[in-house]
Protein chains: 2
Amino acid sequence: MLWLRSCKLVLLQIDMGSTIQNPACQHCKDRFSSVFCKAEQCNLEQIDQAKVCSVYKKGQVIFHEGAYPFGVYCINDGKIKLSHSGDDGREQIIRLVKAGDIMGYKALLSNERYTATATALEDSSICFVPKDLFMSILQKDASLSFEMMRILSSELRKAELKITHLAQKPVRERLAETLLFIKETYGVEEDGHTLSVRLSREEIANLVGTATESAIRLLSEFKKDGMIELEGKKIRLLDLQQIVKTANLQD
Amino acid sequence: MLWLRSCKLVLLQIDMGSTIQNPACQHCKDRFSSVFCKAEQCNLEQIDQAKVCSVYKKGQVIFHEGAYPFGVYCINDGKIKLSHSGDDGREQIIRLVKAGDIMGYKALLSNERYTATATALEDSSICFVPKDLFMSILQKDASLSFEMMRILSSELRKAELKITHLAQKPVRERLAETLLFIKETYGVEEDGHTLSVRLSREEIANLVGTATESAIRLLSEFKKDGMIELEGKKIRLLDLQQIVKTANLQD
DNA sequence: CCTGTGGAATGATATGTATCAAGTCTGCGT
DNA sequence: ACGCAGACTTGATACATATCATTCCACAGG
């Protein structure tokens, strides 16, 4: 019983991430692409004062499905996955989050518990803005509200498109689409081809919505067809045109 | 060439719906459940003045995927389906809209074209609020903005859940879930069992995300198992507990 | 009344994907 | 360097679901 409690304590510590010197929002390299770029200057300063910036190691959980939200998270640097865990334990990746993005706003706005778990895909530095402050600024700052609505609308549009594709497209097309989506989201390395995230095959499968083995098999096929190149977790998109064609995108 | 143009004119006329006596928002039976209930009184009056209420017949299209939005629609009475049409022409129903709900806000907020088509499931009376007015009120009225964000968040949550289920659950479970969803949305008739919408088998399939024949077959099974009763397009949910169990809902 | 039409139902069959079961590889801690 | 656990890969097989074809049925129009 004793070890259990101390174990929990350790976990808690891990979950908090380690607090680092707070970098000023005004100097954040993503201040022009983030939501907050729309906020009024005075509000931005308030956020800057109140926020807490932490570093999370790869694999660490930032927040858990079912937990109550106490604020929003703004990614300073790094890559995060947001995922639902289905009834049978299989996870479904709902969103990929990058620097400048915020997360955790949905639960906050609808005043419910988190419906997804946020996990760091690599070491990441993340700012936390407390609920009360965020909500009160949202009340006063129309352009921030507006930006939030824009983001929500855009996420909703993407989600609805994903529903349609999940219902109507075969795994092969969805996998090709997912590769393009990863490229859109996180970009490529200097060579212009290698995706700049390292995802496990299981994660790719959970993004596509299929079994791990199916994802592996199709990736091998793509490789055989010369569309991609595989080297461990590195994925190089060689023939982009062919991938787009395979994805069979119309809308 | 001439007949083509006149044909288009006729279609346009149909699409507009027929304008009727504008009922006052203040007397709308759904004014307490709609988004606008949160709007400040003065703004509500403005909306009331500017809105145009029209009647659409069953099967009529209110707006089309790909068209530009000029305002939001608020359902006064009736039932609407919102659907994507996939690449192969099959439609995916993404939302069922009822009295008091609004639609068309997503395209408006993200300033893009409609990504879905709205079709009346039965004769419906729908109010149209022009874009400029809606947007300008949104700028001033924080509580309306807030309510919009709440709605968007909630829709997003539902969409993400649907993604997970579509990826992980078999058709049988999704069909049961869909029946419950229809009940939640539109309710039942006086007998307490019969769903109060008439949907074609194809529409049910498009809601579940499966082939029409599969939906039909499973509905027959449900009937054989005594969970439901079928009579043409009427569906009676007899054994709710069993349906919930079949849906296998955990989250 | 017949007849045509569109939705509904059912059966036969094909096929994509999941699942199970071995293997192989790889990185990591000792 | 070793060995071990976890990730990856590949193959064999089962199964759910889509697809195609046919029949049935209700209903509207001539």
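Residue numbering restarts at 1 for every chain, and letters A, B, ... go by the order of the sequence lines.
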Taking atom P of D/dC8 as reference, at what distance in whole Å does atom CG of A/Asn206 sit? 11 Å
Looking only at side-chain N and O atoms, does B/Ser83 offer a donor or acceptor that is under 3.5 Å from a partner on B/Glu91? yes
Near DNA chain C, under 4.0 Å by heavy atom, which residues of residues 220-239 of chain B? B/Ser220, B/Lys233
Determine whether B/Glu160 and A/Lys106 satisfy the following criterion, salt bridge (Lys or Arg N to Asp or Glu O under 4.0 Å), listing intermediate values before the conclusion. CA-CA 11 Å; B/Glu160 290 175 350; A/Lys106 189 168 40 104; 2.6 Å; yes
Residues at least two apart in sequence or cross-chain that pass salt bridge (Lys or Arg N to Asp or Glu O under 4.0 Å) with A/Glu231, listed by chain then number, are A/Arg236
B/Glu203 CD to C/dA8 C1', straight-line distance once rounded to whole Å: 14 Å
Please identify each residue that fulfils salt bridge (Lys or Arg N to Asp or Glu O under 4.0 Å) with A/Lys223, with sequence neighbours left out. none
Answer with yes or no whether the side chains of B/His84 and B/Glu65 bring together a donor and an acceptor at under 3.5 Å. no
Sorted by chain and number, sequence neighbours left out, side chain to side chain contact (heavy atoms under 4.5 Å, CB included) with A/Lys245 holds for A/Gln242
A/Glu189 with A/Arg198: basic N within carboxylate O range, under 4.0 Å: yes
Which letters describe nucleotides 13-29 of chain C, given B = protein heavy atom under 4.0 Å from base, S = only from sugar-phosphate, - = neither? ----SSBB---------
Between A/Ile204 (CD1) and D/dA7 (P), how many Å, whole number? 14 Å
Rounded to whole Å, how long is the line connecting atom CD of B/Gln168 with atom C1' of D/dA16? 16 Å
Between CD1 of B/Ile216 and P of D/dT17 the distance, given in whole Å, is 16 Å
Who are the salt bridge (Lys or Arg N to Asp or Glu O under 4.0 Å) partners of B/Lys79, not counting sequence neighbours? B/Glu122
Quickly work out the A/Leu199 CG to D/dG6 P distance and round it to whole Å. 20 Å
